[in-house]
Amino acid sequence: MARARGGGPASWAVAVAAAWVLWAAAVAGARSPAGRVHRHLKRLNKPAVKSIESPDGDIIDCVHISHQPAFDHPLLKNHTIQFRPAYRPEGLYDDAKSSIGSNNAGEKPMLQMWHRNGRCPEGTVPIRRTKKDDLLRASSMRRYGRKRHTVPNPLSVDPNMLSEGGHQHAIAYVQGDKYYGAKATINVWEPKIQQANEFSLSQLWILGGSFGEDLNSIEAGWQVSPDLYGDNNTRLFTYWTSDAYQATGCYNMLCSGFIQINSEIAMGASIFPISNYAGSQYDISILIWKDPKEGNWWMQFGKEYVLGYWPSFLFSYLADSASMIEWGGEVVNSEPDGAHTSTQMGSGHFPEEGFGKASYFKNIQVVDSSNQLSAPKGVGTFTEQSNCYDVQNGNNGDWGTYFYYGGPGKNSNCP
């Protein structure tokens, strides 16, 4: 019987067969759940110049500014990064009274938990690393980092639209004009979450268009979301969408879009410190505005941290201006066992308890067409179930336009 030697037909056939087996295994691996997880992690986590392990278990990757996720967007391939806004709004409140961000002896303020173990170098941006467990908690890989249609619509008269998808709100809002930005100082708490698939957040919304399928929204604030982050920490977050949360946009840096220029603050990282009931109170300040020259929407955190921008081409209605601004709280009420959730909003206490006990927004402002920050006119308030979560607004010399909001959720009046 003939025996194949060296590169004979039999050995060639064996090599081809082996190659087919390896290819089939690779394809199967790529299509397997583990393969999909690996692919998503590779896409989300960019190569780091330096990595910092936070005391809360996060890993913050310092990624070169030109390698951040924003530049995965096909329309940003040849984008020239704008390192500073052409114009900032005029008429900013002095934020020196805020507890977070006070600067002693020239030291950098401690704003996020990871700062305890280091900082990112200039020319990089800090990005919270996505871990395998983060993806495995998601309802689907495709939906990871996205939320469902959740914008409170205070103008809706349809009772079936209230608490849509289990989302409940306690907000202040303005509408009926053209708005080019908004600002607020937001009291920071750590509300308790009953179910892992629920969240509690406090934020501002910059809205354009109707509440239909073409809604544009830019959002920023703080949130507690066990489903997204795997813990109950209070975290800084942003969100954007140009089609009512259907296919565009995401939280933080989990998709292309937002361009970060700042090396100090990480989206999605834990805020530190936070307020205590009847104890020390801590605030964060957030400003979002449209640069009248370049048209991009910029975000500033605190007095000095200009974080980056959303390019105007991401949006349709917001390419021009916003038609509504909202400030306030939101929770998911999944109604476990058919009863209202006990997930807290704000501090978990009702507005009437006041300072040190109820959560608040103060110095809320809007940016007008002349790029001036001013007190909002005609502020309305809205909540679906005031026995569960409520809102009360006011005005004074120290806090400007403000409101207290929140509540415990399930209680004797909110079964």
Side-chain angles (χ1 to χ4, degrees), residues 63-95 101 120 122-126 174 177-185 204-209 216-221 236 238-242 248-249 252-253 256-267 284-325 363-376:
V63 175
H64 192 279
I65 193 169
S66 63
H67 297 159
Q68 63 183 293
F71 298 111
D72 291 342
H73 197 292
L75 295 179
L76 287 171
K77 291 299 182 189
N78 299 310
H79 181 78
T80 301
I81 298 173
Q82 192 180 346
F83 285 98
R84 61 183 60 84
Y87 295 96
R88 294 194 197 192
E90 297 179 15
L92 282 169
Y93 269 105
D94 180 9
D95 291 323
C120 282
E122 294 262 336
T124 68
V125 294
V174 290
D177 204 347
K178 285 191 171 186
Y179 306 101
Y180 296 85
K183 183 176 183 291
T185 298
L204 56 86
W205 288 261
I206 312 283
L207 300 171
N216 290 195
S217 183
I218 295 174
E219 308 166 25
L236 175 70
T238 62
Y239 201 94
W240 71 273
T241 180
S242 61
T248 62
N252 307 324
M253 309 283 277
S256 58
F258 182 81
I259 299 172
Q260 183 150 341
I261 61 166
N262 181 277
S263 64
E264 298 280 347
I265 304 298
M267 305 292 196
I284 60 172
S285 172
I286 290 175
L287 165 66
I288 295 174
W289 81 100
K290 188 176 179 62
D291 183 338
K293 182 180 178 183
E294 301 293 336
N296 301 321
W297 287 91
W298 284 82
M299 177 177 172
Q300 180 172 317
F301 180 76
K303 288 191 294 182
E304 55 192 24
Y305 298 106
V306 176
L307 299 191
Y309 58 95
W310 292 268
S312 62
F313 74 76
L314 295 173
F315 306 101
S316 50
Y317 295 104
L318 288 179
D320 175 44
S321 62
S323 54
M324 179 181 280
I325 306 293
N363 292 340
I364 67 171
Q365 295 174 282
V366 295
V367 181
D368 64 22
S369 58
S370 59
N371 204 35
Q372 294 281 334
L373 269 162
S374 58

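Note that these values count all heavy atoms, side chains included, but never hydrogens, waters or copies made by symmetry. The residues of the chain are indexed from 1 along the displayed sequence.
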Over all atoms of both residues, closest heavy-atom pair of [X] and [Y]:
X: Pro376; Y: Val174; value: CB-CG1, 3.6 Å
X: Asn262; Y: Ile265; value: OD1-N, 3.0 Å
X: Trp240; Y: Phe258; value: NE1-N, 4.4 Å
X: Pro85; Y: Gln82; value: CA-NE2, 3.7 Å
X: Gly295; Y: Ser312; value: O-CB, 3.0 Å
X: Pro311; Y: Gly257; value: CD-O, 3.3 Å

Donor-acceptor under 3.5 Å ([X] side chain, [Y] main chain):
X: Gln372; Y: Ser374; answer: no
X: Lys290; Y: Ala319; answer: yes
X: Gln68; Y: Phe71; answer: no

Any donor-acceptor N or O pair under 3.5 Å, side chains [X], [Y]:
X: Ser217; Y: Glu219; value: yes
X: Asn216; Y: Ser316; value: yes
X: Ser263; Y: Thr124; value: no

Pairwise side-chain contact, [X] with [Y], heavy-atom cut-off 4.5 Å (strictly under):
X: Gln260; Y: Met299; value: no
X: Met267; Y: Leu307; value: yes
X: Ile261; Y: Val306; value: yes
X: Cys120; Y: Pro126; value: yes
X: Asn252; Y: Tyr239; value: no
X: Ile218; Y: Leu204; value: no
X: Trp310; Y: Thr238; value: yes

Centroid separation Trp289 to Tyr87 less than 6.0 Å: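 Not under 6.0 Å, so no.
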Would you say the ring centers of Phe313 and His73 fall short of 6.0 Å from each other?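 Yes, close enough.
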Is any NZ, NE, NH1 or NH2 atom of the basic residue among Arg88 and Asp291 found under 4.0 Å from an Asp or Glu carboxylate oxygen of the other?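 Judged by the 4.0 Å cut-off on N to carboxylate O distance, Arg88 and Asp291 do not form a salt bridge.
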Starting at [atom1] of [X], measure out to [atom2] of [Y] and round the result to the nearest 0.5 Å.
X: Trp205; Y: Ile325; atom1: CH2; atom2: CD1; value: 12.0 Å
X: Leu76; Y: Leu314; atom1: CG; atom2: CG; value: 7.0 Å
X: Gln300; Y: Ile288; atom1: CD; atom2: CD1; value: 11.0 Å
X: Tyr309; Y: Trp297; atom1: OH; atom2: CH2; value: 16.0 Å
X: Asn296; Y: Phe315; atom1: CG; atom2: CZ; value: 10.0 Å
X: Ile206; Y: Ser321; atom1: CD1; atom2: OG; value: 11.0 Å

With sequence neighbours excluded, residues passing ring pair (Phe, Tyr, Trp, His ring centres under 6.0 Å) with Tyr179: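 None.
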Any pair counted as salt bridge (Lys or Arg N to Asp or Glu O under 4.0 Å), so long as it reaches residues 67-86, sequence neighbours left out: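 Those involving residues 67-86 are Lys46-Asp72.
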Consider side chain to side chain contact (heavy atoms under 4.5 Å, CB included). Of Leu373, Val367, Asn371, which one does Tyr180 pass it with?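 Between Tyr180 and the candidates, side chain to side chain contact (heavy atoms under 4.5 Å, CB included) is satisfied uniquely by Val367.
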Do Lys178 and Ser369 pass the side-chain contact (heavy atoms from CB on, under 4.5 Å) test, and can you show the C-alpha distance, the side-chain angles, and the key distance before you say yes or no? CA-CA 7 Å; Lys178 285 191 171 186; Ser369 58; over 6 Å; no
